[in-house]
Each structure stands twice: as C-alpha cells, then as structure tokens.
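Encoded as structure tokens, the structure appears first; notes follow it.
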Protein chains: 2
Amino acid sequence: MQHKSFADMQCPIARSLERVGEWWSMLILRDALRGARRFDQFQKSLAIAPNMLTRRLNSLVESGLLERRRYSDRPPRYEYVPTESARDFRPVLWLLISWGTKHFAPEGPSLLIVDAKTGARADPIVVDSASGRPLMSPDFTLAAGPAAGARLRRLYEAAGESNAAAAEGPRAKAARKKARLN
Amino acid sequence: MQHKSFADMQCPIARSLERVGEWWSMLILRDALRGARRFDQFQKSLAIAPNMLTRRLNSLVESGLLERRRYSDRPPRYEYVPTESARDFRPVLWLLISWGTKHFAPEGPSLLIVDAKTGARADPIVVDSASGRPLMSPDFTLAAGPAAGARLRRLYEAAGESNAAAAEGPRAKAARKKARLN
DNA sequence: CAGTATCCTGTCCGATACTG
DNA sequence: CAGTATCGGACAGGATACTG
C-alpha cells in the first residue's frame, strides 16, 4: 500500500486494503473483536513490537475502525474499542479463517467459529441476502456500478462474460496509456 | 508477510495473509478471477510496474493460487490461471467489496456483484452452511480448534465470553514471555 | 501499565531501461 | 508480447531503551 493510493483507488477492494491491508491490522481487529481492549492485551496476544502496535492502532483509529476511549483520567489511559465498521468486518475475518484453514492447515483447524451458546461449529458460506442463493457458484460476476469511472467500467462492461478479458481488442491502447486513475 | 512468519503463524488468518496479504495480490486475484490470464492484461488493468507484477505473480504461483501454464512453445509463453484455492477465495473478495463499498464509498458502489444471467444485484452475507443462520449476529464466537497450540488455546479457551480478555489474570506472565510460537 | 523515542533492516513498490 | 535488470525511496516491521 503505502503511497500508492492512486492507480485503482476506485476499486472497493483497494479501498478496503487501504484500511486493513497491513499485516497486523487484521490480526489486531481479530483480537479487538474477541474482546481485547487495552494496549498490553494486544501486545501480549500478538507479540508485536510496541511501536508497531502504536502505529497500527493509530491507523485503525484514523480509519474509523477503532475508537480511542479514555477509561482513566489520572493517569490518562485509553482503550481501543471496535466501531460498527469493525464489527461489520467480522464476516470477512471468518471467511479468511475458513479459507486459510481449508487450504493451508494440513493439521486441521486451529480456530473454529462456534455458536456461543451451544458450542456447535459453524461453517461460513456466502449467500445473497435476498434470495439466499449461495454466491460461490460461477453464475455470479462483477459488474461496474453506478459510481464506476470510465476505467473500471471498461474493464467490467461485459457483465456476463467471465473469460472475456482475453478477447479484448488490441486497439484503444494509446487511449488507456496514462488514464490510470478512473 | 516478509520474515515475520513466526509469532502467530498458527492462526489461519495469518496464514492466509501470508499468501494474499500483499497489496497487489488480492487485486491480481480479482483480475484473474475476472478472466485475466496474461501478463500484460494484468499490467494494463492494474497499472503495476512489470517487475512487481512478476514478483506477485510468482509468489501467487508459489502459494498455489495461480497455475503457470505454457500456452505457446516458440517462443515459450505462459499464462496464469487461477486454481481451485483461488476460486475459493472469491467469496472473500466479494465480502471485501461489499464491506469497502458500505463504509468507504460515499459516492456509492463502483463494483457490483450481479447474477450473470439476469444481471440482478446480489448482496453477500455470511451464513452457517448447515443451519443457514446468519453469522453476523453476535452469538457466534471463535474457539480454539483441535490443532490449536497452547498459546492460541489460552487465548480462546473461554469459547463463550466475548469480553473476557480483559478479565485475564495478571499471572502467567513470565510463562508466556518467550512462548511466542504456539 | 501504556505507551514514546531511536535506530536499524528488509522489502514493497515505483520508474526506467533493456531483451528474445 | 512477456518479461528481466537496476536503481532508489518510502515505510513496515523488529529490537531496545526509556518514561509518567
């Protein structure tokens, strides 16, 4: 990430990454959503250098994912509590857990999503909220939305064709040259 | 990423990040899943420096997310095609899109998930595959799985209590000191 | 306990030039 | 077209020391 806030910044994935794309950010969020609040809780759980923790914590606060809340006046002490957007991020984390476990954990799951009351294991899948249809099936694609700029729209104009990128004509090359943004 | 492959490498989130945590990786995956196959397709779509693209492409191949496939013999030419694990990653991307759009796109959606045939917009949510229950509700938590090491297990031992982290006793501090791994 | 202050290394990433 | 080779800058991340 760093300074490359341009290029594709219209893409919502890029925008998300700008907030949580750093290595530690998601791990910190994971802990915050688990109930961690205070500096040293994060530090001990993550074994992260204190200066890094400060930096990531601040950037998460800046992005509106954590709220810095004073819990003591003398001495002044703060805790970091997840905001709504952080709580909204939980499903992403869950999917990442499920995906990582499935593909990169030959020894089996080290982290499970469970029903808090019954303790029953849950297995996260993504469905369309309206129809309930699972979205894993290949009959869903991406398409340019109303707020898409010309660049994005060009890439996604053919909503249905998933292998169409290869078929793109070699023209319009120069036109695209420096039209990075948008 | 980089050399910090220790610390919390048992966490499936960390493992996932190790594969797709670089800034460009997810964007490349996004394009690959859209149908991009060849070097310059990625390059034009992403406006990424060629050396970076090479690096990211190679690391994705190494991680088993892309397959490098020869499509021409003279001259030798390769294309990069998403593997099953990459296709499994699509839901994560969708959620990231949905999350990013909801929280960081005041101008509205620039990317939509649509039914490929009808063009109808889909709205991704995460549910338990067995019960169909939405997982957003706070009555799901994380718990240590069978493959969890002592460290992880300690953090997640109390499956149900979501705000319990603060209640952890101040003892067992020295014991944890250098027990980073596991 | 909750950080801040320094210093250092690795590498992500960009820009540009070059090649079969 | 599909990259490789080099160079330089910014910053993530680590280690350690210090403070109210």
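Per chain, numbering begins at 1; letters A, B, ... match sequence-line order.
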Presence of salt bridge, A/Asp128 and B/Arg121, under 4.0 angstrom: no
Sugar-phosphate, base or nothing in reach of B/Arg68, heavy atoms under 4.0 Å: sugar-phosphate
Under-4.0 Å side-chain N/O to phosphate OP1/OP2 contact, B/Arg37 with D/dC1: no
Side-chain N or O of B/Trp24 closer than 4.0 Å to phosphate OP1/OP2 of C/dG14: yes
Contact nearer the 5' end of DNA chain C, comparing B/Pro75 with B/Ala49: B/Ala49
Geometric cation-pi criterion, B/Arg34 with A/Tyr156: 6.0 Å, 45°: yes
Rounded distance in Å - CE (A/Met52) to P (C/dT6): 18 Å
Minimum-distance nucleotide (side-chain atoms of A/Pro50 versus C/dG14, C/dG3, D/dG3): C/dG3
Side chain of A/Asn51 (C-beta onward), nearest among D/dG3, D/dA5, D/dA15: D/dA15
Length of the line joining A/Leu17:CG and C/dC13:P, which is rounded to integer Å: 10 Å
Integer-rounded Å distance: D/dA2 C1' and B/Leu57 CG: 11 Å
Watson-Crick or G-U wobble mate for C/dC7, both contacts under 3.5 Å: D/dG14
Sugar-phosphate, base or nothing in reach of B/Phe42, heavy atoms under 4.0 Å: nothing
Stacked cation flag A/Arg19 on B/Phe104, 6.0 angstrom / 45 deg: yes
Separation of atom CG in A/Leu46 from atom C1' in C/dA2, rounded to whole Å: 16 Å
Distance, rounded to the nearest Å, where A/Ile48 contributes CD1 and D/dT16 contributes P: 16 Å
Distance below 4.0 Å between A/Arg77 side-chain N/O and D/dG20 OP1 or OP2: no
Side-chain N,O (A/Arg38) to OP1/OP2 (C/dC1) below 4.0 Å: no
Joint cluster assignment, A/Tyr71 & A/Val81, ILVMFWY side-chain distance < 4.5 Å: no
Residue-phosphate contact under 4.0 Å: A/Thr54 side-chain N/O, C/dG3 OP1/OP2: no
Whole angstrom value for the distance that separates P of C/dC1 from CD of A/Glu79: 16 Å
Nearest-Å distance for atom pair CZ/C1', residues B/Arg55 and C/dC13: 7 Å
In one Ile/Leu/Val/Met/Phe/Trp/Tyr side-chain cluster, 4.5 Å: B/Met136, A/Leu65: no
B/Arg69 (side chain) donor-acceptor with B/Glu79 (main chain) under 3.5 angstrom: no
Interatomic distance, B/Gln43 CD vs C/dG14 P [rounded to whole Å]: 11 Å
Any B/Tyr71 side-chain N or O less than 4.0 Å from OP1/OP2 of D/dA2: yes
Nearest listed nucleotide, side chain of B/Glu22, among C/dT4, D/dG13, C/dC12: C/dC12
